[in-house]
Structures are given as C-alpha cells and as structure tokens.
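Throughout, residue positions are numbered sequentially from 1 according to the sequence presented.
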Amino acid sequence: MSVQQASKSKVAVKPLELEDAKEPPLNLYKPKEPYTATIVSVERLVGPKAPGETCHIVIDHGGNVPYWEGQSYGIIPPGENPKKPGAPHNVRLYSIASTRYGDSFDGKTASLCVRRAVYYDPETGEEDPSKMGVCSNFLCDSKPGDKIRLTGPSGKVMLLPEDDPNATHIMMATGTGVAPFRAYLRRMFMEDVPTYKFGGLAWLFLGVANTDSLLYDDEFAGYLRDYPDNFRYDKALSREQKNKRGGKMYVQDKIEEYSDEIFRLLDEGAHIYFCGLKGMMPGIQDTLKRVAEQRGENWDEKLSQLRKKKQWHVEVY
C-alpha cells in the first residue's frame with residue numbers, strides 16, 4: 001500500500017463478517033418467493049441538460065440479501081404481466097451500484113443506478129406512456145417507505161478479482177453501466193476494508209452524452225484528487241467532444257487514443273470490464289480489432305487468451 005493511500009482517512013465498515021464467505025451469495029431469493037425490501041431514497045443524478053433521467057435508488061434489505069461487488073439484483077415491478085394475465089411481471093435485472101456494505105456502510109442497504117426508460121414516437125416526437133419501461137419508471141417514481149420485491153443476487157462475470165490487490169482494472173462504462181464500477185471504486189478508495197488494501201491501478205472510462213449526464217462524477221473526481229497514483233478517469237462526452245476524425249466521441253475512441261497503453265497493461269495481466277447497453281460492444285470490438293491489426297497482432301487470438309486467463313469481463317443489457 002502506498003504512503004499516499006495510507007494517509008487518507010477511509011470510512012470504517014461493518015459487519016466485517018461480510019468478508020468471510022469464500023463464495024459469492026447466489027439466488028438467495030427466487031422470483032416465486034422474492035424478498036420484500038424498502039425504498040430508502042430516490043435521488044436524481046443528472047443535471048437539467050441531460051437527455052433523460054437517471055436516478056440513484058437506495059434499498060433497505062436489512063442485511064438479508066447480501067451480495068458482492070459486481071452482482072445484480074432482480075426487481076419485480078408491481079402489477080400483472082400484460083402477456084400473462086394474472087401473473088406477476090417478469091424480473092428485471094439491475095447491476096448493484098454499491099459495495100456489500102451499502103451507502104450507509106452497515107451491510108443493510110444496496111443502491112441501484114436506474115435510467116427512466118421512456119419512448120418517443122418517431123412520427124410525432126411525442127412521448128408514448130403506453131410504451132415506457134415498467135420497472136425503471138416504478139423505481140424512479142418510488143418514495144421512501146415504498147415496498148419493493150427483490151430476487152437474487154445473481155452474476156459471477158463481473159465480480160472484482162481480489163487475489164492480487166495490486167492488479168490493474170480497466171473499466172469501460174456507458175451510462176448506467178457505471179454501476180458496478182462505482183461499487184469497485186468505493187471498495188478500493190472509500191472504505192477501510194481490513195482484508196482488501198488496494199494498491200494497483202483502477203482506470204475508468206465513462207461514456208455519456210454530455211457533462212450534465214455524468215454519473216457519480218464528484219465521487220470519481222475525489223478519488224482522482226486523493227489517489228492520483230492509483231486512479232485514472234477518462235470521459236467520452238458524445239455531444240460535447242469530437243474524436244480525432246471529427247465525429248462524436250465515444251468510449252471506443254478513448255480506447256483508440258490510449259490503445260498502446262491499454263494493450264501493454266493487458267499483456268501485463270490487467271483485467272478489463274465492459275458494462276452498459278449491448279450496442280456498445282460492436283464498436284468497441286471493431287476498434288480493438290483494428291488497433292490489434294495495426295500492432296501486428298491477431299485480435300481473435302488475443303481475445304481468446306484474455307478470456308482463458310479470466311481477464312475479460314462483459315455484462316451488457
């Protein structure tokens with residue numbers, strides 16, 4: 001651990017028994033018997049010029065639905081499934097945006113980062129409420145004290161590998177895909193976890209529309225200020241920045257900009273993570289392939305090696 005890191009006062013967390021499990025908790029609650037949790041708070045995360053609304057939602061699970069960083073909860077919105085009258089809605093999965101200790105550091109809450117899904121008719125340009133996202137609107141409209149049905153936790157793909165506390169973690173997020181990375185970074189830089197002292201490099205790339213759309217920017221800016229040797233933060237603002245070809249700046253353009261360094265870090269064993277809308281991956285894959293070819297490398301072979309060594313983590317929706 002660098003002196004830099006030791007000098008910062010971190011937040012004490014408890015109960016530390018949450019560190020004892022050897023395996024992540026999985027599917028403690030299933031759709032037929034979900035857990036009833038309570039909404040603690042709903043906070044708008046984005047500024048007035050952001051397209052759409054994204055909310056940070058804190059849920060009290062009373063310590064009964066423990067999870068690890070990188071896992072997801074399922075939410076069953078109220079009402080009946082229009083395709084199966086009389087049956088409940090299908091489960092919607094959301095990546096958890098807090099560490100296992102939650103935002104109150106006591107192991108009893110979890111946070112979600114949810115974008116309200118709305119639909120605009122391409123002909124009229126008007127919003128069509130009949131096609132809005134059932135679960136995202138339920139979550140963004142919920143009030144403290146409201147009850148919510150949870151399933152899970154689920155997922156192993158995005159678990160933060162902690163066997164080497166000095167590893168490099170390269171994180172690529174678009175929009176609410178930043179959720180698991182917020183959890184990783186709080187664990188690395190905000191919490192005082194006796195069994196995990198991070199001394200490596202965490203490098204976050206976040207792609208959103210504009211400055212008002214940035215999520216958790218104050219937290220990330222704080223880590224940058226306090227841990228300049230251990231944290232890097234690059235933003236791709238598609239409506240405000242241009243890439244080198246004069247087009248909109250997306251996450252893959254940032255990858256290209258730093259490609260030599262990213263490939264070197266991957267060769268040295270770095271983990272790379274991608275989280276966000278599934279539409280992000282084709283552009284990213286094309287860029288990585290092009291960069292690899294320019295370097296005289298075969299991308300398909302490289303990708304297969306990264307997967308084999310468990311350095312490649314993708315969760316898109």
Carboxylate-amine/guanidinium contact [X] [Y], below 4.0 Å:
X: Glu69; Y: Arg186; value: no
X: Glu301; Y: Lys289; value: no
X: Arg187; Y: Glu162; value: yes
X: Asp192; Y: Lys14; value: no

I want to check something: taking the side chain as every heavy atom from C-beta on, are [X] and [Y] in contact at a cut-off of under 4.5 Å?
X: Met188; Y: Asn230; result: no
X: Pro66; Y: Arg100; result: no
X: Ser238; Y: Val208; result: no
X: Val46; Y: Pro51; result: no
X: Lys242; Y: Asp253; result: no
X: Leu215; Y: Phe220; result: no
X: Leu204; Y: Arg232; result: no
X: Asn243; Y: Lys248; result: no

Pair listing, side-chain hydrogen bond (donor to acceptor under 3.5 Å, both in side chains) test, anchored in residues 176-185, at least two apart: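 Sorted result for residues 176-185: Asp103-Arg182, Thr176-Tyr317, Arg182-Glu219.
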Ring geometry between His271 and His313 (parallel below 30°, tilted from 30 to 60°, perpendicular above 60°):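 The arrangement is tilted - the two ring planes meet at 30° to 60°.
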Geometric class of the Phe231/Tyr233 ring pair [parallel <30°, tilted 30-60°, perpendicular >60°]: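 Answer is parallel, since the angle falls under 30°.
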Determine which pairs satisfy salt bridge (Lys or Arg N to Asp or Glu O under 4.0 Å) with at least one residue from [range], sequence neighbours left out, and list them in order.
range: residues 48-59; answer: Arg44-Glu53, Glu53-Arg116
range: residues 32-43; answer: none
range: residues 78-96; answer: none

Can you tell me how far [atom2] of [Y] sits from [atom1] of [X], rounded to the nearest 0.5 angstrom?
X: Leu201; Y: Asp229; atom1: CG; atom2: CG; value: 9.5 Å
X: Arg225; Y: Tyr227; atom1: CZ; atom2: OH; value: 10.0 Å
X: Gln252; Y: Thr174; atom1: CD; atom2: OG1; value: 9.5 Å
X: Leu214; Y: Leu206; atom1: CG; atom2: CG; value: 6.0 Å

How does the hydrophobic cluster around [X] look, that is, which other residues are in it when side-chain heavy atoms under 4.5 Å mark a link?
X: Leu159; result: Trp68
X: Tyr250; result: none
X: Val42; result: Leu28, Tyr29, Tyr35, Ile39, Ile57, Ile59, Val65, Tyr67, Tyr73, Ile75, Tyr94, Ile96, Leu112, Val114, Phe138, Leu139, Ile148, Leu150
X: Met249; result: none

More than 12 heavy atoms from other groups under 6.0 Å of CZ on Arg290: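 Count over threshold, so yes.
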More than 12 heavy atoms of other groups within 6.0 Å of Lys254 NZ: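 It does: Lys254 NZ has more than 12 such atoms within range.
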Full working for side chain to side chain contact (heavy atoms under 4.5 Å, CB included) between Leu93 and Ser154: CA-CA 9 Å; Leu93 284 179; Ser154 62; 3.8 Å; yes
Answer with yes or no whether the side chains of [Y] and [X] bring together a donor and an acceptor at under 3.5 Å.
X: Glu268; Y: Thr168; value: no
X: Glu191; Y: Thr99; value: yes
X: Asp106; Y: Tyr101; value: no

Ring centers of Trp312, Tyr273 separated by less than 6.0 Å: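 Centroid distance Trp312-Tyr273: not below 6.0 Å, so no.
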Sole candidate of Phe198, Tyr196, Phe181 that passes ring pair (Phe, Tyr, Trp, His ring centres under 6.0 Å) when paired with Phe189: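 It is Phe198, the one option of Phe198, Tyr196, Phe181 that forms the ring pair (Phe, Tyr, Trp, His ring centres under 6.0 Å) with Phe189.
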Residues forming a ring pair (Phe, Tyr, Trp, His ring centres under 6.0 Å) with Tyr216, sequence neighbours excluded: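 Ring pair (Phe, Tyr, Trp, His ring centres under 6.0 Å) check on Tyr216 returns His56.
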For Lys308, side-chain contact (heavy atoms from CB on, under 4.5 Å) partners two or more places apart: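 Lys308: side-chain contact (heavy atoms from CB on, under 4.5 Å) contacts with Gln305.
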Qualifying residues under side-chain hydrogen bond (donor to acceptor under 3.5 Å, both in side chains), relative to Lys302, sequence neighbours excluded: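 Once residues adjacent in sequence are excluded, the partners of Lys302 under the side-chain hydrogen bond (donor to acceptor under 3.5 Å, both in side chains) criterion are Asp267, Glu297.
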List the atom pairs, donor and acceptor, that lie under 3.5 Å between side-chain atoms in residues 276-288 and the rest of the protein, sequence neighbours left out.
from   : atom 1 : to     : atom 2 : distance (Å)
Gln285 : OE1    : Trp299 : NE1    : 3.0
Thr287 : OG1    : Gly283 : O      : 2.9

